[in-house]
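Please read the structure below before turning to the comments.
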Amino acid sequence: MRRHSFVSVLLFALALAVSVGLVSAQDTDLSGREVTIALENLYTPFQFVDPTTNQATGYEVELIAALAAELGFTPVIIPSSWDAQLAGVQVGEFDMIANGITITPERDEVMDFSTGYIQIEQQLIVRADEDRFTNAEELAADETLLIGSQPGTTTYDTAAELVGADRVVGYETFGVSVQALLNGDVDAIIMDNVGSAGIMSANAGLLKTTGDSLTSEALGFAFPEGSDLVEPVNAALATFAEDGTLDALFQRWFADFDPVTMTFTSEAIETPLPDLSGETVTVAMENLYLPFQFIDQATNEPMGYEYDLIAELAAQLNFTPEWVDTSWDAQLAGAQAGEFDMTANGITITPERAEVVAFSNGYIQIQQVIIARADDDRFDTLEAFYADDSLRIGTQPGTTNYDTAVELVGEARVQGFDTFGVTVQALLNGDVDAVIMDNIASAGVMSVNQGELKVVGEPLTSEELGFVFPLGSELVEPVNAALAQMDADGTLDALFQKWFVDFDPTTQDMSE
């Protein structure tokens, strides 16, 4: 339609960054300028009127608020019908319109667009008991069947292309076309995959999708031609793609939001967080566990998943992290003695450790796996490894990997090494026959040592990693509150995507 969506938001991140590479949102300040923005407020969850507050809300409403905060403008929302929006922006009646608008070449001839902020797919929606056709081709072949749609939208254009304009029934609003389908006045409607999920939830058991997706398109904001707002808005969208804001908004409105009850499943997103008033928090890091924490080869500066995660915690809770480079053994001992306020090093939460230190809630789930040399043909299952008494496992003492190794083969067949990296090198050198590590780190290690290592058998355990504090630390509760909010708003997912999907450990660059 004009609207469409499935969030391949992550697919937009790099495109946005590249397309506005010459502009930084932080360098753009619209200095309190008023920006008039047309909204229809009839397209849940993109934009709609909250029945409890009678105020406009939704994905695009909150995205506009984020843009306003980033760029320093004051949004002036003007409720406007779909047709009036498209006509008004062309003559400069509005500074900007937002209404799930698909970017098309034809529209681009008469108005300007931002870069896309969400990707959507058009789908066929039919009544749940529909058995006369199962895909678009069968629908098109039966000339008695009609499609309902809203004129002026890309879904209307798709319907006309599919069955001809004489078999498309136009309705003034999106909601009326849905009701026409339910009433049997038309046989199908075309809508985006995100919007269809909400409609089917609101009409549980009455509707279904059928066939493959018809199109895949990007939605963007529209402006009068030549608008000076396009460049700064694109810069801000690029920032939001990179810092997880788009992912968080998608999580909130297309995962956590229930269009039937108009409530959120993740209430933590609404909970105010404690304010630590800028206090300094000492954080012990080892910087030897890529991509959790490591030294960047290009800058010689520490970086990684846990650095970004702690920086986000610091921003949300208003504390100042002071990084302390510390070995693995000294970290756990120091945390017990109160030498550090907090320790982060891919630390598994265990009952034994919880007796002497305090843990945050888990922020990531990992599995332990066995890694061997790629050319080792003496065993191809864990059982075969256990059965051969001559085979040895290398690991780092004091870790859950070490404990698991001892449980599997006995302490006599486990060799300890000072660091994680030395353990891997011992395997490559043939000093040991296998190592135990978590599945995430193993992917990085095998990428760095491409073709030289392999995973053997199924995962051994599934465990959570958490931050460590001295017993009784007052930091545990606020950190847990922030982690809960970051889980609810998509921040944890965005950091996982950045460091365990987009990051290439061989080049230490983010994927393009």
Side-chain angles (χ1 to χ4, degrees), residues 286 288-294 327-333 335-336 343-357 359 362 364-466 468 500 505:
E286 191 181 22
L288 293 174
Y289 195 40
L290 186 150
F292 285 90
Q293 44 180 267
F294 61 97
S327 70
W328 167 252
D329 289 337
Q331 283 186 17
L332 292 182
Q336 293 179 49
T343 296
N345 204 45
I347 303 173
T348 305
I349 301 169
T350 70
E352 297 77 16
R353 289 174 179 166
E355 292 180 0
V356 293
V357 295
F359 277 100
I364 195 169
Q365 190 86 13
I366 64 165
Q367 296 175 323
Q368 289 180 324
V369 294
I370 289 276
I371 306 297
R373 291 182 296 279
D375 60 357
D376 198 328
D377 57 7
R378 295 171 296 170
F379 57 94
D380 57 7
T381 66
L382 298 179
E383 291 72 21
F385 183 88
Y386 307 152
D388 188 339
D389 290 341
S390 68
L391 302 177
R392 304 179 67 191
I393 297 178
T395 188
Q396 189 177 8
T399 66
T400 55
N401 293 339
Y402 190 96
D403 297 338
T404 300
V406 171
E407 290 174 10
L408 291 176
V409 299
E411 195 162 9
R413 290 174 59 186
V414 180
Q415 183 171 345
F417 297 92
D418 288 341
T419 69
F420 177 74
V422 173
T423 307
V424 174
Q425 193 58 52
L427 173 62
L428 293 168
N429 294 343
D431 299 327
V432 294
D433 307 292
V435 298
I436 297 179
M437 64 179 72
D438 70 71
N439 55 327
I440 292 173
S442 70
V445 166
M446 288 192 292
S447 179
V448 172
N449 299 279
Q450 194 166 16
E452 297 184 69
L453 299 173
K454 65 181 179 182
V455 176
V456 177
E458 297 297 321
L460 304 173
T461 64
S462 182
E463 301 169 328
E464 282 191 309
L465 305 186
V468 169
F500 303 113

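This one's a predicted model, so the numbers in the text were calculated from it and none came from an experiment.
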Open item on the list: Can you confirm whether more than 12 heavy atoms, excluding those of Asp418, are under 6.0 Å from its CG atom?
Closed with: no
- [ ] Could you tell me the separation between the CG atom of Asn345 and the CG atom of Leu332, rounded to the nearest 0.5 Å?
- [x] 8.0 Å
- [ ] Go through the side-chain N and O atoms of Thr343 and Gln331 and say whether any donor and acceptor fall under 3.5 Å apart.
- [x] no
Task: N/O donor-acceptor pair under 3.5 Å between Arg413 side chain and Tyr386 backbone - done: yes
- [ ] Measure the spacing between CG of Asp403 and OG1 of Thr350 and express it to the nearest 0.5 Å.
- [x] 7.5 Å
TODO: Flag the pair Phe385 / Asp380 as yes when at least one side-chain heavy-atom distance between them is below 4.5 Å, and no otherwise.
DONE: no
- [ ] List in chain and number order the residues that pass salt bridge (charged side-chain N to carboxylate O under 4.0 Å, His left out) with Asp433, two or more places apart in sequence or in another chain; answer none if no residue qualifies.
- [x] Arg373, Arg378
Task: Note, Asn401 side chain near Gln396 side chain (heavy atom, < 4.5 Å) - done: no
Task: Ile371 side, atom CD1; Ile436 side, atom CD1 - distance, nearest 0.5 Å - done: 10.0 Å
TODO: Please examine the side chains of Ile370 and Val455, heavy atoms only from C-beta on, and report whether any two atoms are closer than 4.5 Å.
DONE: no
Task: Modelled atom types, side-chain donor and acceptor of Asp329 and Ser327, under 3.5 Å - done: no
- [ ] Go through the structure and list residues passing ring-ring contact (aromatic ring centres under 6.0 Å, His included) with Phe359, not counting sequence neighbours.
- [x] none
TODO: Answer whether the closest heavy-atom distance between the side chains of Leu465 and Phe292 falls below 4.5 Å.
DONE: yes
TODO: Look at atom CD of Glu383 and say whether more than 12 heavy atoms of other residues, nucleotides or ligands are closer to it than 6.0 Å.
DONE: yes
Open item on the list: For Ser390, is there any backbone N or O sitting under 3.5 Å from a side-chain donor or acceptor partner on Asp388?
Closed with: yes
